[in-house]
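Okay, so here's the structure we're looking at.
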Amino acid sequence: MDLKSLKEEISKRINTDDLQKINEIKTEYLGKKGSITELSKKMKELSNEEKKEFGKKLNELKKAANDMFENKRKEIEQALLNKKLASEKIDITLPSRKTVRGSKHPLSRVQEELEDLFVSLGYDVYEGPEIESDENCFQRLNLPSGHPARDSQDTFYLENEEDKYLLRTQTSTAQVHAMLENENKEPMRIVCPGKTYRRDDDATHSHQFMQFEGLVIGEDISLANLKATLELFSKKLLGEKTEIRFRPSYFPFTEPSVEVDVTCFKCHGKGCNLCKESGWIEVLGAGIVHPNVLRMNGYDPEKYTGFAFGPGLDRFAMFKYGITDIRYLYGNDIRFLKQFDRKDDINEIKS
Ligand code: DAH
């Protein structure tokens, strides 16, 4: 076949929009065993004169063939791109989709309100880690291994009980960090908000919940100071008419220990379904820091005393906003969360 008709043949055959086919045809002519490549092997049969002439033509053909394939490839690719662009065309004049907006979470509201109060009283906000050692979560809080009070805090261990790492069951562990970190063992006032974890799950208990620990260390700190502080706390959160009472209790890290009740903010002490007709609602545990705890964390119990308290924030948020199941707080359901948009003013409940 002469070179001219080869060129014509190629131009006819590449009349396709299939890129793969183009590549195959290209190989048929220009590949290692392609028909144009084979032609150059014929050169050696020719005379010098003929070689010159034929070589020139052959080179021209190679270049022309290459150009044809290349142009066709570009043409197909451009067509594909145009098609894609056309199908992906967006109408920028369309109104955007509405994003669903929640509102500040009720737990954050309660936490921020309390932080504001305590910062105004000269406290620092201190956050400890959520992954804890057994030593910090229990031992340094006067709860040696085997202590029966450990049973009331059903713990998530990260590996097994022997490995001694766990998710903190109480923000009281932040007390330990704060005391150990205080190099000169100076007096301090801190509140420690944060997540805590226990193996619990029902309408009033969640495996994850929030606490708001308080710790004051100084000279001559007494139960009276604790009571005055908690009274302020309760009035701020639940309304000015709120009163508090202490009942004797037991916590390993405090001595004496108290359970704190507030007057029911629904019936103001008369008795109703919320307070189970008693007029009082139990809200937190507190006490005077046990000398062992001070000593174990570097403070001299002869010189210093302190008080500590540890309410759960979930309970307060539930009271405050009338939430009946703790699991709503962690369900991330927008229908629930949207309701708190206008709940900054809770005077309805307070009055
Ligand atoms: N950590 C206790 C708990 O989770 C609550 C508590 C009680 C904290 C008494 C305190 C305290 O700081 O003094 O049950």
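These numbers come from the heavy atoms of this one structure, side chains and all, not from hydrogens, waters or symmetry mates. Atoms within each ligand, like the ligands themselves, are counted from 1 in listed order. This one's a predicted model, so the numbers in the text were calculated from it and none came from an experiment.
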Of all the heavy atoms in F307, does at least one lie under 4.0 Å from an atom in ligand 1?
no

Close side-chain approach of F69 and I22, heavy atoms under 4.5 Å:
yes

Quick one: nearest non-hydrogen protein atom to atom 10 (C) of ligand 1, plus distance?
E213 OE2, 3.4 Å

With heavy atoms only and a cut-off of under 4.0 Å, state how F309 meets ligand 1: side chain, backbone, both or neither.
backbone

Quick one: look up the protein heavy atom nearest atom 2 (C) of ligand 1 and list residue, atom name and how far away it is.
Q170 OE1, 3.6 Å

What atoms of ligand 1 come closer than 4.0 angstrom to any heavy atom of G287?
13 (O)

Assign the ring pair F233 / F212 to parallel, tilted or perpendicular, where the plane angle (0 to 90°) is split at 30° and 60°.
perpendicular

Run the ring-ring contact (aromatic ring centres under 6.0 Å, His included) check on Y197 and F156 step by step: do they pass?
CA-CA 7 Å; Y197 303 85; F156 284 114; 7.1 Å; no

Once the angle between the rings of F251 and F253 is folded into 0 to 90°, is it parallel (under 30°), tilted (30 to 60°) or perpendicular (over 60°)?
parallel

Taking 4.0 angstrom as the limit and counting only heavy atoms of A308, give me the atoms of ligand 1 inside it, by number and element.
12 (O), 13 (O)

If you count the atoms of ligand 1 from 1 in the order shown, which ones are under 4.0 Å from a heavy atom of S172?
1 (N), 8 (C)

Is E255 in contact with ligand 1, taking contact as a heavy-atom separation below 4.0 Å?
no

Give the atom numbers and elements of ligand 1 that come within less than 4.0 Å of a heavy atom of F251.
7 (C), 9 (C)

Can you see which heavy atom on P256 is nearest to which on L223, and at what distance?
CG-CD2, 4.3 Å

May I ask you to check if ligand 1 and Q211 share an N or O to N or O distance below 3.5 Å?
yes

Students should be able to answer this: which protein heavy-atom is nearest to atom 5 (C) of ligand 1, and at what distance?
G310 O, 3.6 Å

Please confirm whether the backbone N or O of L143 pairs with a side-chain atom of R150, one donor and one acceptor, at under 3.5 Å?
yes

With ring centroids as reference points, do F340 and Y321 lie under 6.0 angstrom apart?
yes

Assess K185 against Y304: is NZ or CZ under 6.0 Å from the centre of the six-membered ring, and within 45 degrees of the ring's axis?
no

Measure centre to centre between the rings of F309 and F118, then say whether the value is under 6.0 Å.
yes

Protein heavy-atom partner closest to atom 3 (C) of ligand 1 - residue, atom, separation in Å:
R198 NH2, 3.6 Å

What atoms of ligand 1 come closer than 4.0 angstrom to any heavy atom of Q175?
12 (O)

